[in-house]
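Below is one structure, written out as structure tokens, with a few remarks after it.
Model, not experiment: these values are computed from the prediction. Letters go in sequence order (proteins before strands), and every chain restarts at 1.
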There are 2 protein chains.
Amino acid sequence: MDGTPDFKPLYLQVRDLMVRRLASGAWRPGESLPNEFQLADEFGVSQGTVRKALDELAAQNLLDRRQGKGTFVAQHTAQRALFHFFHLVADSGERALPGARMLSLGRAKADRQEAAQLGLKTGALVVRLKRLRLLGKRVALQERITLPGALFANFTDRLPVDVPNELYRYYEERYGVTVARAVEKLKAVPARADEAKALGLKSGAPLLEIDRLAYTVDGRAVEWRRSRCDTARHHYLSEIV
Amino acid sequence: MDGTPDFKPLYLQVRDLMVRRLASGAWRPGESLPNEFQLADEFGVSQGTVRKALDELAAQNLLDRRQGKGTFVAQHTAQRALFHFFHLVADSGERALPGARMLSLGRAKADRQEAAQLGLKTGALVVRLKRLRLLGKRVALQERITLPGALFANFTDRLPVDVPNELYRYYEERYGVTVARAVEKLKAVPARADEAKALGLKSGAPLLEIDRLAYTVDGRAVEWRRSRCDTARHHYLSEIV
DNA sequence: GAGTGGTCTAGACCACAGC
DNA sequence: CTGTGGTCTAGACCACTCG
């Protein structure tokens with residue numbers, strides 16, 4: 001008569017409570033959490049149960065546990081950007097964070113596609129960025145980024161040249177928006193004339209298109225990014241375990 | 001005076017012993033392992049420590065734990081091939097295992113590149129396969145596969161048409177070679193004339209090249225695969241957590 | 001030395017599968 | 001009902017960090 005499976009281990013309940021704290025901003029990036037025994041007291045469970053919840057969150061890169069120091073809310077760092085969110089690698093194997101050159105930055109009304117991707121109404125306010133990125137000294141990709149205007153108020157107040165290269169850290173520090181997860185869809189596409197020119201290629205040259213939707217810990221889409229990359233000297237690295 | 005960090009938790013030692021059993025074939029795909037208490041006795045540790053080792057291996061997809069039933073050595077199934085090792089998805093979101101049409105199958109001496117990828121000497125015996133794969137009813141990619149001849153004796157005895165579509169299951173069942181891990185490198189490349197013809201495209205059309213090296217649990221490279229895909233109606237899906 | 005997370009153990013009990 | 005893995009607890013001890 002009820003159909004609910006309705007059994008949820010304690011440690012998952014504790015984990016979900018913790019996720020809520022992270023999502024609400026009660027625990028902010030970089031902060032240290034109370035120790036395991038204090039958390040156990042607070043949630044009314046044993047230290048072992050808290051530990052299992054913490055380990056789950058650490059496995060999802062939401063927390064950072066350091067023996068001897070404590071448990072910290074994960075933060076976007078250059079390292080994380082490089083190894084976790086940026087998958088283009090030089091064919092030689094070297095990795096380096098790409099430079100960026102902003103082309104434009106402005107507000108607009110979401111077109112149908114942007115609205116669909118970000119879960120907004122068509123015509124809702126969005127922020128649009130367009131930039132080139134350099135791998136080594138060579139311009140290797142062009143990207144367009146769309147953000148929901150509601151979450152990123154006054155984004156366009158700053159001069160394009162003053163917007164930092166590492167956006168996820170910037171979103172986190174300035175807007176309290178933490179990207180926790182992303183989905184990328186890759187295709188091979190022909191370069192449009194303007195892209196070809198920007199990247200120093202012939203029109204129609206093959207580019208790797210990376211279409212990324214980034215989500216917060218509570219599942220809201222907060223960035224749509226479409227990059228088109230010259231992969232003559234680089235590749236996208238994907239590890240399957 | 002020694003420099004060795006030399007502290008290895010018990011559960012990792014136990015895990016490594018188990019990995020050796022898996023690598024040696026003492027535990028074979030599909031087999032069930034002794035229960036946790038029996039393993040604990042055997043290794044001379046507590047059940048909790050064995051559990052931690054088992055959980056590690058299950059997280060790496062080397063074991064399959066089923067409540068109420070037991071712990072089993074992971075096996076390559078259609079499901080696993082589809083969700084774990086095959087990342088091309090229709091733009092609609094549908095996933096389906098692609099059909100295959102073998103074009104050629106034969107022995108050869110490894111060229112420089114094949115030897116380097118697979119860790120063989122140039123001129124060592126290899127098996128080469130070439131096939132087309134269909135997504136839906138449409139030919140969507142062409143791939144060339146190279147295997148070390150030493151591990152796949154008599155592979156070419158079978159008629160090309162009789163080699164099954166799901167290769168990893170076949171490697172596992174017929175040759176005792178289990179693929180545990182793979183690394184893929186993606187690029188956008190122009191179609192060569194023959195590829196264009198096979199895929200029904202114009203020469204120079206953009207293709208997604210997927211260059212995959214597959215490894216066994218003990219780290220030997222056992223397959224090099226290079227696929228070139230038409231991504232007009234499909235994309236490569238990559239999830240970042 | 002004090003405080004943190006990490007490991008190891010032992011035991012009780014729960015949920016699930018299958019006879 | 002029995003056997004399996006899964007959860008929860010409690011306590012001892014180890015390794016790492018920092019003052």
Side-chain angles (χ1 to χ4, degrees), chain A residues 1-19 21-22 27 29-75 77, chain B residues 1-19 21-22 27 29-75 77:
Chain A
M1 256 311 165
D2 84 35
T4 48
D6 249 354
F7 162 71
K8 203 167 189 184
L10 253 186
Y11 77 91
L12 291 180
Q13 298 178 37
V14 171
R15 179 199 62 181
D16 291 347
L17 288 173
M18 290 176 170
V19 167
R21 293 205 184 174
L22 293 168
W27 287 342
E31 270 187 23
S32 89
L33 269 54
N35 74 34
E36 297 179 347
F37 286 96
Q38 291 168 325
L39 288 169
D41 271 5
E42 193 177 332
F43 290 114
V45 298
S46 77
Q47 173 260 0
T49 300
V50 165
R51 167 181 293 273
K52 219 177 162 191
L54 292 171
D55 285 345
E56 286 253 322
L57 297 175
Q60 288 170 60
N61 293 302
L62 297 177
L63 296 180
D64 188 8
R65 312 200 72 193
R66 293 181 227 151
Q67 184 171 170
K69 300 186 73 174
T71 300
F72 302 81
V73 180
Q75 228 172 347
T77 63
Chain B
M1 254 312 165
D2 81 37
T4 47
D6 250 354
F7 163 70
K8 203 167 188 185
L10 254 186
Y11 76 92
L12 291 180
Q13 298 178 36
V14 171
R15 180 200 62 182
D16 291 347
L17 288 171
M18 290 177 169
V19 167
R21 294 204 184 173
L22 292 168
W27 287 341
E31 270 186 24
S32 90
L33 268 54
N35 74 35
E36 296 180 348
F37 287 96
Q38 292 167 327
L39 289 170
D41 272 6
E42 193 177 331
F43 290 114
V45 298
S46 77
Q47 173 259 0
T49 300
V50 165
R51 168 182 293 273
K52 221 178 160 191
L54 291 171
D55 285 345
E56 285 254 323
L57 297 175
Q60 290 171 58
N61 292 302
L62 297 176
L63 295 180
D64 188 7
R65 310 199 72 193
R66 292 181 225 151
Q67 184 172 167
K69 300 184 74 173
T71 300
F72 302 82
V73 180
Q75 229 172 346
T77 62

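- Counting heavy atoms from C-beta on, the side chains of Arg21(A) and Leu17(A) never come closer than 4.5 Å.
- Protein atom CZ of Phe37(B) is 10 Å distant from nucleotide atom C1' of dG5(D), rounded to whole Å.
- Among the heavy atoms of the strands lying under 4.0 Å from Arg51(A) is at least one base atom, whether or not backbone atoms are also near.
- In this structure, Leu54(A) places its CG atom 14 Å from P of dT7(C), rounding to the nearest Å.
- Rounded to whole angstrom, the span from the CG atom of Leu63(B) across to the P atom of dT4(D) amounts to 16 Å.
- Contact annotation: the side chain of Leu39(A) approaches that of Glu42(A) to within less than 4.5 Å [non-hydrogen atoms, C-beta and beyond].
- For dC8(C), neither phosphate oxygen OP1 nor OP2 lies less than 4.0 angstrom from any side-chain nitrogen or oxygen of Lys52(B).
- Contact annotation: the side chain of Val45(B) never approaches that of Gln13(B) to less than 4.5 Å [non-hydrogen atoms, C-beta and beyond].
- Note: CD (Glu36(B)) to P (dT7(D)) measures 11 Å, nearest angstrom.
- In this model, the phosphate group of dG5(D) is approached by a side-chain N or O of Thr71(B) to a distance below 4.0 Å at OP1 or OP2.
- In this structure, Leu39(B) atom CG and dT4(D) atom P are separated by 11 Å, rounded to whole Å.
- Between the side chain of Gln60(A) and the main chain of Leu57(A), no donor-acceptor pair closer than 3.5 Å is present.
- Rounded to whole Å, atom P of dC8(D) lies 14 Å from atom CG of Asp55(B).
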Contact pattern, 5' to 3', of nucleotides 9-19 of chain C - B, S or - by protein heavy atom under 4.0 Å: SS----BBSS-
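- Summarising the geometry of Ala53(B) relative to Arg15(B), their closest heavy-atom pair is CB-N, 3.8 Å, with the distance given to 0.1 Å.
- At least one side-chain nitrogen or oxygen of Arg65(B) sits closer than 4.0 Å to the OP1 or OP2 atom of dG6(D).
- Rounded to whole Å, the distance from NZ on Lys8(B) to C1' on dA15(D) is 17 Å.
- Side-chain contact between Leu33(A) and Leu54(A) is present, with at least one heavy-atom pair separated by less than 4.5 Å.
- The shortest side-chain heavy-atom distance between Phe7(B) and Pro9(B) falls under the 4.5 Å cut-off.
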